[in-house]
Amino acid sequence: KAGVTQTPRYLIKTRGQQVTLSCSPISGHRSVSWYQQTPGQGLQFLFEYFSETQRNKGNFPGRFSGRQFSNSRSEMNVSTLELGDSALYLCASSSDDRRTTDTQYFGPGTRLTVL
Amino acid sequence: AQSVSQHNHHVILSEAASLELGCNYSYGGTVNLFWYVQYPGQHLQLLLKYFSGDPLVKGIKGFEAEFIKSKFSFNLRIPSVQCSDTAEYFCAVNPPYGNNRLAFGKGNQVVVIP
């Protein structure tokens, strides 16, 4: 099976702009989670989607949002970008269909740089 | 605040040495535990996981991790490191909320020299 794919791999934006990142999960996986990785804060959970519904949300401002489509592909959006949003954004998928824990498999990430 | 702790964030050691990376968490109840590895230039990959059963989980190349419930720990052991084990190692905990919300430790940057 193909792994989790994320596009684009690299992005450069300026403050105030918005950005949309895309994630395609492993075939058959219905849960998609997003994480932010920075040198200072490490890996932090953003949100999780299952069956097109946000099931869980981390402690990030409302500028960070996401959605999931019927084919389980997911997008996350960051509006009004700030310098501190520069990070590696990771997507992970799992087959979880019973609201129980499962193993998450990560994509390569999207490196976002905000100037 | 509930958290996952990893110490000795930067480790440098010689090939063939043994290595133990500590992971402690502060969540109560039933948790699921993971070690992920991020090799240079590569994405985060699952190394080991514990859901239930035998608290000693074993992986490839002799990697193993032991869950000690009383100590809230899930330490990773590598019996004989190789240069190819140079990577960042992350401990992660899925808290007892029944969802896919991983809490990660800060990671251990391990460098193995010949």
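Every chain is numbered from 1, with letters handed out A, B, ... down the list of sequences. Only this structure's heavy atoms are used, side chains among them; waters, hydrogens and symmetry mates stay out.
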Tell me, side chain or backbone of Q44(A) under 4.5 Å from chain B's heavy atoms, or both, or neither?
neither

Between A92(A), G109(A), P108(A), who has the most heavy-atom pairs with chain B when the cutoff is under 4.5 Å?
P108(A)

Which of residues 17-25 of chain A have a heavy atom under 4.5 Å from any heavy atom of chain B?
none

Does F47(A) form a ring pair (Phe, Tyr, Trp, His ring centres under 6.0 Å) with Y49(A)? I'd like the steps, not just the answer.
CA-CA 7 Å; F47(A) 29 64; Y49(A) 286 87; 5.6 Å; yes

Determine whether the aromatic ring centres of F51(B) and F34(B) lie less than 6.0 Å apart.
yes

Under 4.5 Å from any heavy atom of chain A - which part of Q38(B)
side chain

Side-chain heavy atoms of F90(B) within contact of V37(B), under 4.5 Å
no

Identify whether NZ of Lys or CZ of Arg in R55(A) sits under 6.0 Å from the centre of the six-membered ring of F50(A) and within 45° of that ring's axis.
yes

Suppose a student defines contact as a heavy atom less than 4.5 Å from any heavy atom of chain A. Which residues in residues 53-66 of chain B would they list?
none

Report which part of L44(B) has an atom under 4.5 Å of a heavy atom belonging to chain A: side chain, backbone, both, or neither.
both

Can we say D85(A) and R63(A) salt-bridge, meaning some charged N sits less than 4.0 Å from an Asp/Glu carboxylate O?
yes

Would you mind reporting whether L46(A) and M76(A) have side-chain heavy atoms less than 4.5 Å apart?
yes

Please name the residue in the list S95(A), S72(A), S51(A) that meets the side-chain hydrogen bond (donor to acceptor under 3.5 Å, both in side chains) test with R30(A).
S51(A)

Answer yes or no: is there a side-chain heavy-atom contact under 4.5 Å between I78(B) and V110(B)?
no

When you compare the side chain of H7(B) with that of S5(B), does any pair of heavy atoms fall below 4.5 Å?
yes

Go through the steps for R77(B) and S18(B) under the test side chain to side chain donor-acceptor pair (under 3.5 Å), then give the verdict.
CA-CA 8 Å; R77(B) 291 192 288 263; S18(B) 64; over 6 Å; no

Let me know if Y35(A) has heavy atoms under 4.5 Å from chain B in its side chain, its backbone, both or neither.
side chain

